[in-house]
Amino acid sequence: MSSTPQHSQHISISDLRSDLKGEVIGPEDAAYNEARQVFFKGVDRRPAAVARVAGAVDVARVVTLARESGLELAVRSGGHSRAGYGTSDGGIVIDLSGMRGLDIAADAKTAWVETGITAGEYTSAVGERGRATGLGDTGSVGIGGITLAGGIGFLVRKYGLTIDDLLAAEVVTANGEIVQASEESEPDLFWAVRGGGGNFGVATRLQLRLHEISEIVGGLLILPATPEVITGFIEAAEAAPEELSTIANVMLAPPMPFIPEEAYGKPVLLALLADIGAVDQAERVLAPFRALGRPYADMVRPMRYPEIYEGEGPPVPFMAGTNFFADALAPADAGTILEQLHQSTAMMKAVQLRVLGGALARVPSDTTAFGHRDRRLFVNIAAMYTDPAEAATHDAWVAGVADSLGKDDAGGYVGFLGEEHGETVRAAYPGRTWDRLRNLKRRYDPDNLFRLNHNIPPADPSDGA
Ligand SMILES: Cc1cc2nc3c(=O)[nH]c(=O)nc-3n(C[C@H](O)[C@H](O)[C@H](O)COP(=O)(O)OP(=O)(O)OC[C@H]3O[C@@H](n4cnc5c(N)ncnc54)[C@H](O)[C@@H]3O)c2cc1C
């Protein structure tokens, strides 16, 4: 996983305990088995210690310990990294889950939030004040990981990525310093953390913009999937007002209580829609989607915005995946998706399509380290499975689907990458973004302490990069 050799240093759990305000869990502790786990339950790693830090000062101490001891350092917010970067074999884990503080400004236009909170908890809490910040589609994802990756969610067309609402971040850098990064203070670091993942330090607090959003019209619409329905859905999503963002999963219908039995195993387009425009206009906005076919289920209804995060699937042991950006989906591609779904033996597989554009596309591509602003469509291919011996089969399937859909070399979104290195990570940061990131990595983390991530190696001074 890391290119730097692992030192097998012994750490004293009791010394660490006396150094930190937060809790330290070692292999001898009853809580260890739970504490070493992440979202993907197949990831089975045994860290030397899990430090449930209580604040930035604790984080700085653990960062310093990792730097001085040479122990591998994992940083975990919500633990949803597909590669399992939130845990480590033999290393030390900074587990931010004890840091869930939220401080909404008096005018309710911004909030400071600690990075151990989940997307769902944050959305519920700010939702109490009729406010929201765009995150992803899943409540249990950590605000730390999703924000640093970029954040593509239900508000993407109206308000852009999560990083477009990030106003400042408190970051513990590799030398153990606690710094504020914003347009005014450490602007280069602020640029890098907006898309550069955990490469530049541990974000302990984020200041996010809040939008006035309370009642929306949203929920699940499940349609029988044909090539015409899939392409029609994309056209309708592109033509819709920016208040509407959609996430369409083309998949074989799972046996879920709200899906009629006769549809089980048949191709469906399972879409999540969120329309934050005027509720009394929603019927008109949603009509083109409903007209695409006779829905198997139509659960789109007025709701409070946080309700869109309710209802999460069962735990996932392993997931093969790949993703890319595209500009369009031809009817033949939609047909290919449907054919390919039948070829996979994974317990669940889906090709997810998200129409972008809108506010995301209006931000110049060099404003942040997320460099894919000009692409219209995001395609994420995933296959879930339980037996690790099948990894190669499912990896090959997702790669095959991506190839047949014309995935180019223009790179994907790091948020959905797995244990990828080298060219795949490099391609995720197109154009000059990569060189700028490497130079900043050299400035902020020259020894690559933060390497358990989609790693950006520090620029080599001899490259002149
Ligand atoms: C079920 C599921 C649904 C998803 N849906 C979406 C979606 O709709 N939109 C989207 O954009 N993404 C989505 N993602 C991707 C998700 O945003 C990334 O996997 C994200 O990195 C997870 O964040 P986390 O904090 O939960 O994970 P973690 O495993 O804790 O962290 C992921 C990475 O970020 C680093 N990191 C986390 N917190 C910090 C921090 N505070 N400081 C420094 N580094 C940190 C970690 O070291 C690690 O490398 C989804 C993922 C899953 C599994």
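Please read these numbers as outputs of a predicted model, since none were measured by experiment. First listed ligand is number 1; within each ligand, the first listed atom is number 1.
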Q) In terms of ring plane angle, is the pair His454 and Tyr85 parallel, tilted or perpendicular, where the classes change at 30° and 60°? A) perpendicular

Q. Can you say whether the rings of Trp434 and Tyr429 are parallel (under 30°), tilted (30 to 60°) or perpendicular (over 60°)?
A. parallel

Q) Quick check: does Gly79 get an N/O under 3.5 Å from an N/O on ligand 1? A) yes

Q: Please report which non-hydrogen protein atom sits nearest to atom 52 (C) of ligand 1, along with the residue it belongs to and the distance in Å to one decimal place.
A: His80 CD2, 3.9 Å

Q: Return yes if a side-chain donor-acceptor contact under 3.5 Å exists between Ser245 and Lys158, otherwise no.
A: no

Q) What protein heavy atom sits nearest atom 3 (C) of ligand 1, and how far away is it? A) Thr138 OG1, 3.3 Å

Q. When you measure from atom 6 (C) of ligand 1 to every protein heavy atom, which one gives the shortest distance, and what is it?
A. Phe416 CZ, 3.3 Å

Q: Please state which part of Leu452 comes within less than 4.0 Å of ligand 1, counting heavy atoms only: side chain, backbone, both or neither.
A: backbone

Q. Out of curiosity, is Val38 lining ligand 1, as in a heavy atom under 4.0 Å away?
A. no

**Q.** Any donor-acceptor N or O pair under 3.5 Å, side chains Asn455, Asn199
**A.** yes

(Q) Between Thr147 and Ile143 (side chain of the first, backbone of the second, donor and acceptor by atom type, cut-off under 3.5 Å), is there such a pair? (A) yes

**Q.** ligand 1 to Arg76 polar contact by distance, N or O atoms, under 3.5 Å
**A.** no

Q | ligand 1 versus Thr115: contacting region, heavy-atom distance under 4.0 Å | A | side chain

Q. Which residue holds the protein heavy atom closest to atom 41 (N) of ligand 1, what is that atom called, and what is the gap in Å?
A. Ala203 O, 2.8 Å

**Q.** Contact (N/O only, under 3.5 Å) between Phe40 and ligand 1
**A.** no

**Q.** Region of Phe450 engaging ligand 1 - heavy atom pairs below 4.0 Å
**A.** neither

Q: Could you label the plane-to-plane angle of the Tyr309 and Phe154 rings as parallel, tilted or perpendicular, counting under 30° as parallel and over 60° as perpendicular?
A: perpendicular

Q. Would you say the side-chain atoms of Ser140 and His80 include a donor-acceptor pair closer than 3.5 Å?
A. yes

Q: Using distance alone, with no hydrogens and no angle criterion, decide if Arg373 and Thr368 have a side-chain donor and acceptor under 3.5 Å apart.
A: yes

Q: Report the part of Asp137 in contact with ligand 1, treating N, CA, C, O as backbone and CB onward as side chain, heavy atoms under 4.0 Å; options are side chain, backbone, both, neither.
A: both

Q. Within the distance-only criterion (no hydrogens, no angle test), does the side chain of Asp29 pair as donor or acceptor with the backbone N or O of Gly26 below 3.5 angstrom?
A. yes

Q) Is there a heavy atom of Tyr413 sitting under 4.0 angstrom from any atom of ligand 1? A) yes

Q. To the nearest 0.1 Å, how far is atom 46 (C) of ligand 1 from its closest protein heavy atom, and which atom is that?
A. Val75 O, 3.1 Å

Q.
I'd like to know if the side chain of Gln207 pairs up with that of Arg205 as donor and acceptor (distance under 3.5 Å, no hydrogens or angles considered).
A. no

Q) For atom 25 (O) of ligand 1, which protein heavy atom lies nearest, and how many Å away is it? A) Gly78 N, 2.9 Å

Q: Can you label the angle between the Phe200 ring and the Tyr444 ring as parallel, tilted or perpendicular, going by 30° and 60°?
A: perpendicular

Q. Just checking, Arg194 and Phe190: is the charged tip under 6.0 Å from the six-membered ring centre and within 45° of the axis?
A. yes

**Q.** Check: Pro457 and Lys441 side chains under 4.5 Å, non-hydrogen atoms
**A.** no

Q: Consider every N or O of Arg82 and every N or O of ligand 1, then say whether any pair is closer than 3.5 Å.
A: no

Q. Under 3.5 Å, N or O to N or O, is Ile152 touching ligand 1 that way?
A. yes

(Q) Does the residue Ala149 have a heavy-atom contact with ligand 1, meaning some pair of atoms that are separated by less than 4.0 Å? (A) no

Q. For residues Tyr32 and Gln37, is any side-chain donor paired with an opposing acceptor at under 3.5 Å?
A. no

Q. If you measure from each heavy atom of Gly201 to ligand 1, is any distance below 4.0 Å?
A. yes

(Q) List ligand 1 atoms under 4.0 Å from Asn453, heavy atoms only on the residue side. (A) 49 (O)

Q: Considering heavy atoms of the protein only, find what lies nearest to atom 38 (N) of ligand 1 and give residue, atom and distance to 0.1 Å.
A: Ser77 CB, 3.2 Å

Q.
Closer than 4.0 Å to some heavy atom of Gly151 - which atoms of ligand 1 meet that?
A. 11 (O)

Q | ligand 1 contact on Arg354 by region, counting heavy-atom pairs under 4.0 Å | A | side chain

Q. Do any nitrogen or oxygen atoms of Leu148 come within less than 3.5 Å of a nitrogen or oxygen of ligand 1?
A. no

Q: For atom 20 (C) of ligand 1, grab the closest protein heavy atom and report residue, atom and distance to one decimal in Å.
A: Gly145 C, 3.6 Å

